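A short worksheet on the structure shown next.
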Amino acid sequence: MSDLIIRIGGEGGEGIISAGDMVAEAAARSGLEILTFKSFPAEIRGGYAMYQVRFSKDEILSEGTGFQVFCAFNQEALDKNRSQLVPGTVLVYDYPGGDIAEEVKIEGVTCYALPMSKIAKKDLDMYRAKNMVALGALSFTFDIALESLKELVKEKFGRKGQAVVDVNLKAIDAGAHFMRDNHKKTDPYKMGSVAKTGKDVIIISGNEAVGLGALIAGCNFLSCYPITPATEVANYLAVRLPKMDGTLVQAEDEIASLANVLGASYAGAKAMTSTSGPGLSLMQELLGLASMAEIPCVIVDVQRGGPSTGLPTKHEQSDLFMACHGGHGDASRVVLSAENVSDAIELTVIAFNIAEKYQTPVLLLTDGSLGFRTESIKRPDPRKYSVVNRDRFKAGGNGDAPSKYLRYKLTASGVSAMSLPGDAGGAYISTGLEHSESSAPSFTPEDHARMSDKRFNKLASVVDFVPPPEVQGDGPADLGVISWGSTLGTVREAVNQARAQGLKVKALHPKLVWPLQEKQIKAFASTCKKILVPEVNKQGQFAEILRGKTGVDAISYPIYGGLPFSPKQILEKIKEVLK
Amino acid sequence: MSDLIIRIGGEGGEGIISAGDMVAEAAARSGLEILTFKSFPAEIRGGYAMYQVRFSKDEILSEGTGFQVFCAFNQEALDKNRSQLVPGTVLVYDYPGGDIAEEVKIEGVTCYALPMSKIAKKDLDMYRAKNMVALGALSFTFDIALESLKELVKEKFGRKGQAVVDVNLKAIDAGAHFMRDNHKKTDPYKMGSVAKTGKDVIIISGNEAVGLGALIAGCNFLSCYPITPATEVANYLAVRLPKMDGTLVQAEDEIASLANVLGASYAGAKAMTSTSGPGLSLMQELLGLASMAEIPCVIVDVQRGGPSTGLPTKHEQSDLFMACHGGHGDASRVVLSAENVSDAIELTVIAFNIAEKYQTPVLLLTDGSLGFRTESIKRPDPRKYSVVNRDRFKAGGNGDAPSKYLRYKLTASGVSAMSLPGDAGGAYISTGLEHSESSAPSFTPEDHARMSDKRFNKLASVVDFVPPPEVQGDGPADLGVISWGSTLGTVREAVNQARAQGLKVKALHPKLVWPLQEKQIKAFASTCKKILVPEVNKQGQFAEILRGKTGVDAISYPIYGGLPFSPKQILEKIKEVLK
Amino acid sequence: MTATAEVLKPKDYKSDIRPVWCAGCGDYGVLNAVQNAFAALKLSLYDTVCVSGIGCSSRLPYFLKTYGFHSLHGRSLPVAVGIKLARPELEVVVFGGDGDLFSIGGGHFPHVARKNSDVTCIMMDNHIYGLTKGQVSPTSTPGMVATTTPFGAPDTGSVNPLAYALTYGASFVAQSFSGNPKALSEIVQQAIMHEGFSYVNVISPCLTFNKIDTFDFYKDAFVDLPADHDKSNLVAALDKAFNPPAGKVYNGVFYETQRPTLVENLKKVNQKAKADKNRDLNEFVEEFAI
Amino acid sequence: MTATAEVLKPKDYKSDIRPVWCAGCGDYGVLNAVQNAFAALKLSLYDTVCVSGIGCSSRLPYFLKTYGFHSLHGRSLPVAVGIKLARPELEVVVFGGDGDLFSIGGGHFPHVARKNSDVTCIMMDNHIYGLTKGQVSPTSTPGMVATTTPFGAPDTGSVNPLAYALTYGASFVAQSFSGNPKALSEIVQQAIMHEGFSYVNVISPCLTFNKIDTFDFYKDAFVDLPADHDKSNLVAALDKAFNPPAGKVYNGVFYETQRPTLVENLKKVNQKAKADKNRDLNEFVEEFAI
Ligand SMILES: Cc1ncc(C[n+]2csc(CCOP(=O)(O)OP(=O)(O)O)c2C)c(N)n1
Ligand SMILES: Cc1ncc(C[n+]2csc(CCOP(=O)(O)OP(=O)(O)O)c2C)c(N)n1
Ligand code: SF4
Ligand code: SF4
Ligand SMILES: [Mg+2]
Ligand SMILES: [Mg+2]
């Protein structure tokens, strides 16, 4: 067995997330790859919470399709997942003595009753240990890192005293022993361990990855306003930025956040803000100012379900239109989107580098499921990233007398050296009005035309600055899949499967979504008979932009239920389109 | 002579606009059609102001190309227009004794020196009458409604007393006599009058037209925040709405304006707000709420030069991307755009009708030059417009028991009857959260999918509700022009000229820009070998949306100098593309 | 205020949507007190609109049977003003949190208050961002440790909602405690009865994320405003708002006055307008005749 | 505050961009007084940043030779805070109008003040929207006739900028008159010297659109605050702000106090953070090790 998905469902607050994180870490220690998927209720208390972890001996590309094993902590969880308990799956459920009132029998599904509440309450006298009972049972039954798990319990609970360690270990054993003694294993799922030790591996979430990337890129200023599912980016940096002499402030709203960022960057900081859709909507006017005044800045949008307040804790990729086209006027900007957790580190660094190099706002789109999900990834080496800083004005070095510093000088690249307050001879007025080279207001047709050209032309080479989109598969194909963001991983997996089944399918994996790497996209499209664009939004936003920008005749495949794609969905669509 | 363009340029505050308005009105009285074009400085005082009026015996479609006659009040005005003083044009300029220091001679240009400042100061002892001297000279020399003008002076200045009337009449005569006595007319421009009396005509600006349209549509609530060039919409309605028992308030910002509007509409008002780009940027989050909560409202965007504060008094059509794609999530909305002043009345009524019928936000885009320009148009009859009101909840009439009113009931049309506070049995929570039919928060994949479908499907028939886009020209063509907004009139004129020259050119004139009337657009495109899309913005926004939505292979022709197209520019481009 | 014909009990105002708040959340007390006050005032279920923004507290309208508008984070007040202007006969009550009303929504508050829009605003002040899981709010104690401020918030001072409302020109300003539903219900009743903008600051602890401003802390902290407090004196009210007795929190009405409301002023505007020339669509068209 | 080495005269602070204000606009007086104050304080041309929003008044930074940031309508304060946080050694001065700072920008003001961000805010209060050609502003006299309020503004009360700033926790609050450049320059100097958030309300008439709040009206209206006014007493300052002598307007410093600034508090945060475990990038990576 090289790949296994276990999902745990229950009431928010029952320790599902923390238990899941432990088994994931234990598995990673024993050399397995892991990728988790979490779903929280939109309310603070109560409501269905879900934790899923995928284990594999090989690289994991996505959340996968459904699960092999489902562990139900309560009736609601069981009900919500009932339709996915298809023949071949396994159910472990809290029975008897828990919230689930009746024994469960489902045709073709292996059902293991595990009285986890009862064991925790009666045998261990600690209801909170229910999650550990479940963990012990799952680890034992599916042969996942049971020993690593116990080691981890000792480390994690160590400082809380031996008694706490003991009761947790006992709970794990109780779960394991119950399974050993009461059920004959009839399902085929057994993970086992691997030779490699997992030493060079870290486990990190998408939101943390953005934070780490920012630190690597030299970010020293963040202003934020809390919003689900982006708050963890700020939470992470709130602890680390001040240690590196940086500044993190919580502003009165998102408008103030971006205004803080623009002020800080104007004064020389490498500044960013992190938000979700509603916040980005509020920032549109200031985004235009950043474009007009050519101020470097990074805006991270951890997308959630929209429109409006929408589905705050659900997954969606529906802010692309706004990211590329939001705000009045022709406002230049760059939009990147991350595929997975490693990518989130990498692209955050690239986002800062582009912001600095091109003196432009850069948006980085991730999404709720990527933000919350953790992955085991190769340990990054902070020194291996190249970091770019803005082209600075040097008195007299601008080709002009110091008194004639031209902040918006027309240059071949479109980028003009930027002075910082304090630079003698570099004074100018950063402005949202159209302006001449010297930054004085100017509304002549000539200045508006050439400054518009400057703002857009300087971005022309961004398409070369960002690595070209990866092509998966080669030769001519019957179908090419182009997608973006965290759907890319799912596409990779589906396309691997399709190709393994002999289908002539390829995929292109762009990370730069605005401006588009048109050359590569057209080249790719020219080798495919059809182009399919799966994405998680109603309107087929990327498909429309792709068509609009490149003329590529894209078949849009949008889903919009607040959940990511499964590889199976995409594979089936591929087959349907090829029929 | 059936068509003449006179431009007057000078310092803001010299009475150029008011003088221009008088000659336009006088001409309209004598049966001529008129269309004016004004340009203000972005500052309160000083700076170059321009007023242009086009006279014709036939329908006027646009501002036209350049001018035949330019009247320079000062040196700056002369300098700004020098390059357009091409052979065949006429210059009337303030010399000697005014701001212009030297006699002007330009090869091929008829130059009439007219000492308007001197006449006003010395002969009339009233410098402010300079504009009337100029007017008298222009009316006389180019034979435009001199008698009507004098009549008008009597009427307008009547209540200021006979002395004021007299000095103005004297100024007009002085201008006219100076020209008669000192210049032999050597240019060919003579307008003359027409038989029809112009009785059934009104003169109205684009911004006033929006206001009048709103009143006709039954608008009874406007909340606004001042912004150039939209403030006149509110100024107009501020006087009229209260007379019709409506309410107009100035809010603390644009966010509050739209929030006021949504509250008022939720409570039953026909509500709107008027703004320009920066304001619309700030409204994006609330626009999404209107979509999600299905609240009828009309938002008028009088576009100006962007991005950011940009070019506040200049012309641009660059808010289309934001209008269609702004805001986070998949937020449904309808976007209309007006071609001219009559259209602004008509489309404002349609905007309200769509908002009410489909319970959706509707954006109406006009622009700075359309907002300020006046036209003589056929007097509208308010009774001739059909006005639509929203489908109201009737207790028990919803097909449910009163206690089970389903505000977001899934219906075949997608539209659900709306209750208003006060309706017994109709209580519900209007909400920006995703919801069930009853308006309770719901984040299930099923509800998100079907409510997303509801919000978009209900708009499917908007394409039939709005009159189909007019097709200009017939049969197969070598080139079809598709444009939008006030560029349409210019395209009409250019295409008329092209066809008169034997070119096989057609045009399509959509007023609904989102969603697109795809059927008609594709049908039109299928009769043309090429499609050209001229528009006043940097990115070619409509061309991209057109390609993205319909796959039509559009050639984008964007200009971005803060000025509208001239018919000549478009005609030349047509020829270039056809070459 | 429109009274209902039938006699409704407090529980008749409760909808069948189950509150999503944590067990023990202060907001339950507010909900109870509000049901109580609505019943005491015999408010009609259909002529009452409860408006809110986003936050734990802002979910309250769902749990009532009246009309409601769950708007956006920070936008409850201007939405409520729109409702009231369109339909002055409706009773409009705004609910919100300290973040909602004084952080992101803080730009609207002054103008709604100074224009004396006739809505009642009930703030559930828990000195924290509840729904986003614990960040400092404008009313948090300076230096508070929370998720985005792990080394203590750098804010030098915090918002004093009572003083703000007073300075803004609110014509009714009071404070009460979710732990004392009877006192709270009485103050809510007075606030709703008041013509003009009324503001009630309700201390409503968040037991999940705020370990400073707890029920325990407030249980004994509340004292009634002194009997001789002059409710018509703005500066005296400000003094009380800024300087409560050490360790104490006032319950009661700080300020109350009668000023023309926005609706009244707009009625006068309409009267003046109608006395002016040109009154209907045909006349409006005629204005443009040449 | 960074002083310059060379000796600069007031005119040396003037840029070569010609002011676009109407002849006679109050803002000329402010520009003069500011140049004067900058020269008196020997401010460096390069270590000073003048920030503004949008409005006639907000054009002021263009007419100075220092660094400047002409931001968006209402956003000058948070931009200025960003600049100051990134570069605490810079002198940051904000200019704006009554609409800019108290209408669209009114949501930022309380938080900048209460956090005591060390920037100076100079408001040119003309009680009108100048740049958009005459609409009521939050400081306009209630009932004023203007373009969007042809039958009189329906606002019951107007913003009292001094009282607002005081209630918000500004640590320096003063008022002066553009018609008295000497007094104004002195107050601007004090405001800039003050450590913490300082606010100066400058009455700066708009002669083009406001026919009520004219130079003529203010010429004789200004009186100095009484010599015995206690600048350290918040409630006394509020009283003075709310209750000037009939028909009079105070010149002078209403309130002044010393509170920790945002920058100081953030320094402490950083000290605490650095005393904590894990201090560099490699350690941060190590935190995620399994
Ligand atoms: C524009 C926007 N920004 C941020 C958020 C996230 N958000 C939701 S509630 C909230 C604050 C809640 O605090 P408060 O208003 O005090 O209410 P409480 O939950 O404490 O009752 C925030 C920041 C949002 N919904 N919309
Ligand atoms: C978002 C936005 N809304 C509206 C405007 C239009 N606008 C420019 S300045 C201004 C108000 C000016 O008044 P004030 O701030 O008092 O400055 P003053 O001109 O009186 O000095 C307005 C409404 C804008 N530029 N941006
Ligand atoms: S988080 Fe706090 S405010 Fe929110 S429901 Fe729980 S206790 Fe109440
Ligand atoms: S309009 Fe008023 S504020 Fe603006 S420049 Fe003229 S006088 Fe000054
Ligand atoms: Mg709160
Ligand atoms: Mg002003």
Side-chain angles (χ1 to χ4, degrees), chain A residues 25 28-29 198 201-204 208 212 215-216 220-221 223 239-247 249 251-253 255-257 259-269 271 285-286 289 293 376 379-383 419-433 440-441, chain D residues 2 15 17 20 44-51 54 59 61-62 64-87 89-90 92 107-108 110-112 115 262 266 269-274 276 278-282 284-290:
Chain A
E25 186 165 348
R29 284 189 176 195
V201 162
I202 64 171
I203 293 186
I204 182 168
E208 289 163 339
L212 183 60
L215 293 171
I216 292 172
N220 55 4
F221 188 92
S223 179
V239 176
R240 279 97 193 160
L241 263 184
K243 296 182 184 190
M244 300 189 78
D245 273 320
T247 300
V249 286
E252 56 273 19
D253 62 13
I255 294 179
S257 299
N260 284 169
V261 163
L262 298 189
S265 177
Y266 160 85
E285 197 196 6
L286 279 157
L289 173 62
S376 54
R379 174 196 289 257
D381 180 349
R383 285 162 314 182
S419 68
L420 301 185
D423 290 348
Y428 72 101
I429 311 291
S430 190
T431 179
L433 284 176
Chain D
T2 323
S15 78
I17 298 184
V20 287
S44 145
L45 286 176
Y46 307 122
D47 298 317
T48 304
V49 186
C50 295
V51 183
I54 303 293
R59 288 289 187 104
Y62 288 108
L64 291 170
K65 255 191 188 154
T66 64
Y67 276 82
F69 198 137
H70 180 236
S71 72
L72 295 183
H73 194 33
R75 312 306 167 200
S76 56
L77 282 172
V79 166
V81 168
I83 296 171
K84 187 74 187 178
L85 289 179
R87 300 276 304 283
E89 76 280 13
L90 298 173
V92 180
H108 305 300
H111 306 286
V112 175
K115 294 180 184 178
L262 181 58
L266 282 167
V269 163
N270 285 12
Q271 277 159 11
K272 263 196 226 170
K274 286 181 189 170
D276 193 36
N278 299 350
R279 263 161 296 208
D280 66 22
L281 272 175
N282 289 321
F284 296 157
V285 173
E286 186 60 29
E287 291 172 11
F288 296 109
I290 54 173

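Below, chain A is the first sequence line, B the second, and so on; all start at residue 1. Predicted, not measured: the structure shown is a model, and the values here were computed from it.
Contact annotation for D:K115: only side-chain heavy atoms (C-beta onward) come within less than 4.5 Å of a heavy atom of chain A. For a residue to count as touching a neighbouring chain, one of its non-hydrogen atoms must lie under 4.5 Å from one of that chain's; by this rule A:L241 does not touch chain D. For a residue to count as touching a neighbouring chain, one of its non-hydrogen atoms must lie under 4.5 Å from one of that chain's; by this rule A:Y428 touches chain D with backbone and side chain alike. Using a 4.5 Å cut-off between heavy atoms, D:V49 touches chain A through its side chain atoms alone. Only the backbone of D:T66 comes within contact range of chain A, with at least one heavy atom under 4.5 Å from a heavy atom of that chain.
In terms of heavy-atom pairs under 4.5 Å with chain D, the best-connected choice from A:P441, A:G246, A:P380 is A:P441. Interface summary for chain D: among A:S223, A:G432, A:G422, the most heavy-atom pairs under 4.5 angstrom belong to A:G422. No other option in A:I255, A:D381, A:N220 has as many heavy-atom pairs under 4.5 Å with chain D as A:I255. If you tally non-hydrogen atom pairs under 4.5 Å between each of A:A251, A:G263, A:A267 and chain D, the highest count goes to A:G263. Of the listed residues (A:T247, A:L215, A:L262), the greatest number of heavy-atom pairs within a distance under 4.5 Å of chain D belongs to A:L215. Each of A:A256, A:A427, A:A440 has some count of heavy-atom pairs under 4.5 Å with chain D, and the biggest count is that of A:A427. Contacts with chain A were tallied for D:A80, D:C50, D:A86; D:A86 has the most, counting heavy-atom pairs under 4.5 Å. Among the candidates D:L85, D:V81, D:L64, the residue making the largest number of heavy-atom pairs closer than 4.5 Å to chain A is D:L85.
Taking A:D423 as the reference, A:R392 meet the side chain to side chain donor-acceptor pair (under 3.5 Å) condition, with sequence neighbours excluded. A:S265 meets the side chain to side chain donor-acceptor pair (under 3.5 Å) test with A:R390; sequence neighbours excluded.
Here the side chain of D:Y67 pairs no donor or acceptor atom with the backbone of D:D47 at under 3.5 angstrom.
D:L90 and D:I83 make their closest contact through CD1-CG2, 3.9 Å (heavy atoms, listed as atom of the first residue, atom of the second, distance). When every heavy atom of A:F221 is checked against every heavy atom of A:A269, the shortest pair comes out as CB-CB, 4.0 Å.
For the 3.5 Å distance criterion, the side chains of A:T431 and D:Y62 qualify, holding a donor opposite an acceptor. Side chains of D:E287 and D:N278: a donor-acceptor N/O pair is present below 3.5 angstrom, by distance only.
A distance of 12.0 Å separates CD1 in A:I204 from CZ in D:F284, rounded to the nearest 0.5 Å.
A salt bridge does not link D:D280 to A:K243: none of the charged side-chain nitrogens sits closer than 4.0 Å to a carboxylate oxygen.
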